[in-house]
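These notes are about the structure you will find just below.
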Amino acid sequence: MKIATWNINGVKARLETVLAWLQEADPDVACLQEIKSIDENFPREEIEALGYNVETHGQKSFNGVALISKRPLEDIQRGLPGDDSDEQARYIEATISTETGAVRVGCLYLPNGNPLGTEKFPYKLGWMDRLIAHAKCRLAQETPFLMLGDYNVIPDPKDARNPENWTNDALFQPESRQKFRTLLNLGFTEAVRSCTDAAETYTFWDYQAGAWQKNNGIRIDHILMSPLATDRFSGCGIDKHVRGWEKPSDHVPVWVRLAA
DNA sequence: ATGCCTTGTCGCACAAGA
């Protein structure tokens with residue numbers, strides 16, 4: 001079973017690219033972020049035509065997440081618990097049943113948090129606290145659980161080509177990295193770093209200043225697996241070549257493979 | 001560098017991203 005995550009930066013502008021990638025990569029489940037669409041405008045028929053079920057949690061203009069799966073998506077949960085006043089569409093979760101049991105999959109778009117010194121950074125940290133609380137809840141349950149998405153956190157200096165350029169950025173603040181470690185230390189395995197220690201392993205390259213051509217990237221899209229999910233983990237990858245396609249997103253897909 | 005691109009918006013410049 002192949003489960004992927006990708007921040008597509010706008011489903012309207014990226015539909016042809018998304019369809020091309022789905023046909024090439026053939027994931028069983030895909031978590032999409034930054035759909036930038038309300039649910040009613042999401043191009044569900046085009047994706048259903050490739051054999052997928054589609055569930056969205058969108059909003060106007062910004063943010064928005066979607067879960068697509070060849071198998072049915074059950075027990076859909078929209079929004080991250082812990083703050084009823086939060087109107088930003090950044091989380092959707094569902095259960096997928098397989099021949100060997102169910103997996104619970106959370107698709108997340110963690111707040112960017114920039115610029116520092118505004119209300120955006122405490123919103124990011126508060127959202128991470130809510131994610132930690134929710135993850136504890138899921139770890140206490142029997143179903144294998146994965147959280148995939150755009151975490152907007154550079155975990156380590158080696159996860160940036162030029163870490164010194166990020167010292168005043170919300171993605172690389174000590175508080176952001178600390179909370180990411182707290183989340184991991186609940187008992188999750190981070191898929192990509194469990195596969196490779198290779199330097200220059202990135203998932204995002206800015207559109208500006210030739211970042212892609214210079215390989216000036218960062219690694220901010222992550223897949224966290226609960227112990228029961230990790231037991232079934234058999235491999236992972238980053239579809240870096242997609243960044244070189246026409247009209248690319250600034251992020252590329254990241255995926256894991258689980259037994260059955 | 002408050003810059004550089006890209007997307008979406010009841011557009012004709014601006015907000016937001018990272």
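All values below come from the heavy atoms of this structure, side chains included, with hydrogens, waters and symmetry mates left out. Since we're looking at a predicted model, the values are computed, not measured. Chain identifiers are assigned alphabetically (A, B, ...) following the order of the sequence lines, protein sequences preceding nucleic acid strands; residue numbering begins at 1 within each chain.
- Residue Asp250(A) is classed as having no contact, given no heavy-atom separation below 4.0 Å to the nucleic acid.
- Each of Phe180(A), Phe204(A), Trp255(A), Phe188(A) was compared with His222(A) under the ring-ring contact (aromatic ring centres under 6.0 Å, His included) criterion, and only Phe180(A) meets it.
- Counting any heavy atom pair closer than 4.0 Å across all strands shown, Asp150(A) reaches sugar-phosphate atoms only and no base atom.
- Residue pairs meeting the salt bridge (Lys or Arg N to Asp or Glu O under 4.0 Å) criterion with at least one partner in residues 50-60 of chain A, sequence neighbours excluded, are Glu55(A)-Arg78(A).
- Residues forming a salt bridge (charged side-chain N to carboxylate O under 4.0 Å, His left out) with Arg104(A) (at least two apart in sequence, or on another chain): Glu93(A).
- Put simply, chain A comes within 4.0 Å of DNA chain B, heavy atom to any atom, from dC4(B) to dA18(B), going 5' to 3'.
- Near DNA chain B, meaning a heavy atom under 4.0 Å from it, residues 106-113 of chain A has Tyr109(A), Asn112(A) in order of number.
- Nucleic acid contact for Lys120(A): sugar-phosphate only, since backbone atoms but no base atoms lie under 4.0 Å from a heavy atom of the residue.
- Near DNA chain B, defined here as any heavy-atom distance below 4.0 Å, the residues from residues 59-68 of chain A are Lys60(A), Ser61(A), Phe62(A), listed numerically.
- In this structure, Thr95(A) and Leu73(A) have side chains that are not in contact, with every pair of non-hydrogen atoms separated by 4.5 Å or more.
- Taking atom P on both nucleotides, dA18(B) is separated from dG3(B) by 16 Å, rounded to a whole Å.
- The gap from the C1' atom of dC5(B) to that of dC10(B) amounts to 25 Å, rounded to the nearest Å.
- dT7(B) and dA1(B) have their P atoms separated by 28 Å, with the value rounded to a whole Å.
- Looking at heavy-atom distances under 4.0 Å, Ala13(A) makes contact with sugar-phosphate atoms alone, never a base.
- Proximity of Glu190(A) to Leu184(A): side-chain heavy atoms (C-beta onward) are separated by under 4.5 Å at one or more points.
- Residue Asp221(A) is out of contact with every strand shown, counting any heavy-atom pair closer than 4.0 Å.
- Of the listed residues (Asp221(A), Asp239(A), Leu22(A), Val242(A)), just one forms a side chain to side chain contact (heavy atoms under 4.5 Å, CB included) with Trp6(A), and that residue is Val242(A).
- dC4(B) and dC14(B) are spaced 13 Å apart, taking the P atom of each and rounding to whole Å.
- The main-chain N or O of Val65(A) is never found under 3.5 Å from a side-chain atom of Arg90(A) such that the two would form a donor-acceptor pair.
- The closest donor-acceptor contact from the side chain of Tyr202(A) to the backbone of Asn215(A) lies at 3.5 Å or more, if one exists at all.
- Between the side chain of Arg71(A) and the backbone N or O of Ile96(A), no donor-acceptor pair lies under 3.5 Å.
- Partner Arg14(A) forms a side chain to side chain contact (heavy atoms under 4.5 Å, CB included) with one of Leu32(A), Leu19(A), Ile35(A), Asn9(A) and no other, that one being Asn9(A).
- Screening residues 57-100 of chain A for ring-ring contact (aromatic ring centres under 6.0 Å, His included) gives Tyr91(A)-His134(A) as the qualifying pairs, with residues at least two apart or on separate chains.
- Each of Asp169(A) and Lys12(A) has a nearest nucleotide on DNA chain B; the 5'-most of these lies closest to Lys12(A).
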